[in-house]
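Counting from 1, the numbers follow the sequence of the chain as shown.
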Amino acid sequence: MTNTQNVTELQPRMTREQLIEAARIAAKFLPVASAQLMNELANRLDYTSVALCEAMQQRSILAIENTVLRDDVTCWAKECDRIVERHTKTPSNMHLLEAQRELSELTPDTDKVKLELKAAGVKELARKFGQDKASLSPEIFAYDEILEALTMAENEAENFAYHLLHGSNKPCERCGGNSCSSFGCCATDQIINAHSEGSI
């Protein structure tokens with residue numbers, strides 16, 4: 001394996017499958033003991049990844065079931081309030097309020113899982129935009145405009161995924177602020193505004 005092959009194969013954003021395949025290919029060019037170790041590492045990464053994917057799927061299923069159960073608790077609390085209302089002839093929402101109070105104590109973990117699932121979907125969309133950008137041929141009509149649009153869409157999707165997970169926008173690479181977008185940097189906009197107002 002030459003240095004050129006090393007550089008082209010070990011890209012910074014390799015998928016799990018690409019990394020495992022690259023490790024198995026690299027093992028062919030190593031001494032026997034190192035090759036066995038490299039193959040064992042590749043196999044363990046493969047097994048661990050499969051187990052992690054299964055655990056994430058189970059977690060997603062449990063989060064959905066949890067959401068359904070929460071809705072059921074709320075519905076039953078409302079039904080209890082209706083029964084109390086029917087028998088006492090006075091409006092009641094004490095069961096609903098109690099259910100909401102109890103559920104609010106459990107909410108953060110479930111909400112976090114739901115947000116992580118949404119963010120994972122948005123990150124996958126950003127990755128797809130990146131793949132489309134990488135496979136774009138310079139010979140097509142309006143190449144520059146399409147490339148710019150895909151870059152902007154990828155950046156916005158990554159920023160939204162970050163926002164879902166952290167509750168704020170991804171910090172700007174230029175100024176460190178969290179209200180910048182791919183349309184422009186707030187610090188740049190502030191400097192332009194200050195300059196046009198004559199304060200700079």
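Clustering of Ile, Leu, Val, Met, Phe, Trp and Tyr by side-chain heavy atoms under 4.5 Å joins Val50 with none of the others.
No side-chain heavy atom of Gln36 sits under 4.5 Å from any side-chain heavy atom of Glu40. Counting only heavy atoms from C-beta outward, the side chains of Glu148 and Thr151 never approach each other to under 4.5 Å.
Residues satisfying the side chain to side chain donor-acceptor pair (under 3.5 Å) criterion with Glu54, sequence neighbours excluded, are absent altogether. For the side-chain contact (heavy atoms from CB on, under 4.5 Å) test, residues two or more places apart in sequence or in another chain that qualify with Ser49 are Arg16, Leu45. Shown here are the side-chain contact (heavy atoms from CB on, under 4.5 Å) partners of Thr90, two or more places apart in sequence or in another chain: Thr88. Evaluation of the side-chain contact (heavy atoms from CB on, under 4.5 Å) rule for Leu37 yields Leu41 as partners, not counting sequence neighbours.
Counting only distance, with no hydrogens or angles, the side chain of Asn39 and the backbone of Ala27 share no donor-acceptor pair below 3.5 Å. Here the side chain of Asn66 pairs no donor or acceptor atom with the backbone of Leu62 at under 3.5 angstrom.
Tracing side-chain contacts under 4.5 Å through hydrophobic residues (I, L, V, M, F, W, Y), one reaches Leu125 starting from Leu150; they form part of the same cluster.
Ion pairing between Glu158 and Lys123 fails under the 4.0 Å rule for side-chain N and carboxylate O. Look at Glu21 and Arg24 and you find no salt bridge, because none of the NZ, NE, NH1 or NH2 atoms lies under 4.0 Å from a carboxylate O.
Applying the salt bridge (charged side-chain N to carboxylate O under 4.0 Å, His left out) test to pairs two or more places apart or on separate chains, those with a residue in residues 83-101 are Glu98-Arg101, Arg101-Glu105.
Counting heavy atoms of neighbouring residues, nucleotides and ligands inside a 6.0 Å radius, atom CZ of Arg44 does not exceed 12 of them.
Separating the CD atom in Glu124 from the CD atom in Gln131 is a distance of 7.5 Å, to the nearest 0.5 Å. In this structure, the separation between CG on Asp71 and CH2 on Trp76 is 14.5 Å, given to the nearest 0.5 Å. Here OG1 of Thr74 is found 13.5 Å from CD of Glu79. Values are rounded to the nearest 0.5 Å. Atom CG in Asn93 sits 11.0 Å away from atom NZ in Lys78 (nearest 0.5 Å). Expressed to the nearest 0.5 Å, how far NE2 of His95 lies from CG of Leu97 amounts to 10.5 Å. Rounded to the nearest 0.5 Å, atoms CZ (Arg70) and CG (Asp72) are 12.0 Å apart.
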